[in-house]
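As structure tokens, the structure follows; a few thoughts come after it.
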Amino acid sequence: MIRIRDLHKSFGKNHVLRGLNLDIEKGRITVIIGGSGSGKSVLLKHLIKLMEPDSGTIEFDGQVLGRMNSRELLNFRRQFGMLFQESALFDSMTVEENIAFPMREHTRWSKAEIRARVREKLDMVGLGEVEDRLPSELSGGMRKRVGLARAIAIDPQYILYDEPTTGLDPIMTRSINRLILDTNAKLGTTSIVISHDIKGALKMADRIIMLHYGDILAAGTPQEILESDNETIQSFIAYDVKGEL
Ligand SMILES: Nc1ncnc2c1ncn2[C@@H]1O[C@H](COP(=O)(O)OP(=O)(O)OP(=O)(O)O)[C@@H](O)[C@H]1O
Ligand SMILES: [Mg+2]
């Protein structure tokens, strides 16, 4: 279980996370929705210590995340795969080198094994023979999928997906949503997904969290979110759920 208590984070005068409390169950798919700028990406970055809170705590299985030296940090991060919103690929590395990066960093797999596993992950995200290309030679949707392949490279315990389907066509969106579901089902991965794809969220989430100005506005099963009488929630999901323009 991940327990987040009274988390605050400001950038200058911009108070982004405002005393956020949240429990995330392991082995489940939690989807975080919410308006642009509500703090979703900032929250995710706190979970892997890419950002430090001003105050408040994050616990993994009862252990409070505190200061870590570089070795402890490497061990801690080994448990995570993260797909960044902007893919964040290494520009000067090929697709293969990008996906192999966490394998080299965290495992002792041989070159041949790494090559085979890179191929397997590329297949899983529906990419053909792009191993030798540079990120700049790919489309935005292809880069996103390379980022996804890198996030799942070592079958981590936790996978954090920051908008995995934004910018993808409907067929690809469906197949990536399936991939998230399958990875969760097969490996028991704890999956935390930020998404603006409300329809997809309602279908795949065990729990949906709605963030609003750096705090939790609602948390519940897809059914509970659908049935919420909160106006902000209803207007947020109206376009996808009711097809209202
Ligand atoms: N490194 C940073 N330095 C300063 N301000 C930041 C930084 N990262 C995020 N912010 C600010 O924090 C707020 C929340 O940003 P965040 O990226 O978490 O939004 P979001 O909910 O992910 O939005 P979107 O749906 O558009 O991705 C924004 O006002 C943003 O400008
Ligand atoms: Mg974001």
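Start at 1 and go down the list; that is how both ligands and their atoms are numbered.
- The protein heavy-atom contact nearest to atom 22 (O) of ligand 1 is Ser41 OG, 2.8 Å.
- Of the protein's non-hydrogen atoms, the one nearest atom 26 (O) of ligand 1 is Ser36 OG, 2.4 Å.
- Contacts between Asn14 and ligand 1, counted as non-hydrogen atom pairs separated by less than 4.0 Å, involve the side chain only.
- The protein atom (non-hydrogen) at minimum distance from atom 23 (O) of ligand 1 is Gly37 N, 2.8 Å.
- In the vicinity of His196, heavy-atom distances shorter than 4.0 Å reach the ligand 1 atoms 25 (O).
- The main-chain N or O of Ser191 is never found under 3.5 Å from a side-chain atom of Thr189 such that the two would form a donor-acceptor pair.
- For atom 27 (O) of ligand 1, the nearest non-hydrogen atom of the protein is Gln85 NE2, 2.8 Å.
- Under 3.5 Å, the side chains of Asn184 and Asp206 contain no donor-acceptor pair of N or O atoms.
- With rounding to the nearest 0.5 angstrom, the CE atom of Met172 is 9.5 Å from the CE atom of Met142.
- Residue side and main chain included, Ser36 places no N/O/S atom under 2.8 Å of the Mg ion (ligand 2).
- Within the set His46, Glu86, Lys40, the minimum heavy-atom distance to atom 21 (O) of ligand 1 is found for Lys40.
- Not a single heavy atom of Gly34 lies less than 4.0 angstrom from ligand 1.
- Put simply, the side chain of Lys40 gets close to the backbone of Gly34: a donor and an acceptor are under 3.5 Å apart.
- At distances below 3.5 Å, not a single donor-acceptor pair connects side-chain atoms of Arg150 with backbone N or O atoms of Phe101.
- Below 3.5 Å of separation, one finds an N or O of Gly39 facing an N or O of ligand 1.
- The main-chain N or O of Met1 is found under 3.5 Å from a side-chain atom of Asp61 such that the two form a donor-acceptor pair.
- Residue, atom and distance of the protein heavy atom nearest to atom 15 (O) of ligand 1 are Val42 CG2, 3.9 Å.
- Just one of Thr57, Asp23, Asn21 meets the side-chain hydrogen bond (donor to acceptor under 3.5 Å, both in side chains) condition when paired with Arg5; it is Asp23.
- In this structure, Thr190 contributes its side chain and Gly27 its backbone to a donor-acceptor pair below 3.5 Å.
- Near Gly35, the atoms of ligand 1 lying under 4.0 angstrom from a non-hydrogen atom of the residue are 21 (O).
- Taking atom 3 (N) of ligand 1 as the reference point, the nearest protein heavy-atom neighbour is Phe11 CD2, 3.4 Å.
- A side-chain donor-acceptor contact under 3.5 Å links Lys144 to the backbone of Glu163.
- For Ser41 atom OG and Gln85 atom OE1, the angle they make at the Mg ion (ligand 2) is roughly 90°, to 10 degrees.
- Close contacts between ligand 1 and Val16 involve ligand atoms 12 (O), 13 (C), 14 (C) [criterion: under 4.0 Å to a heavy atom].
- Under the 3.5 Å distance criterion, the side-chain polar atoms of Arg77 are matched with a main-chain donor or acceptor of Ile48.
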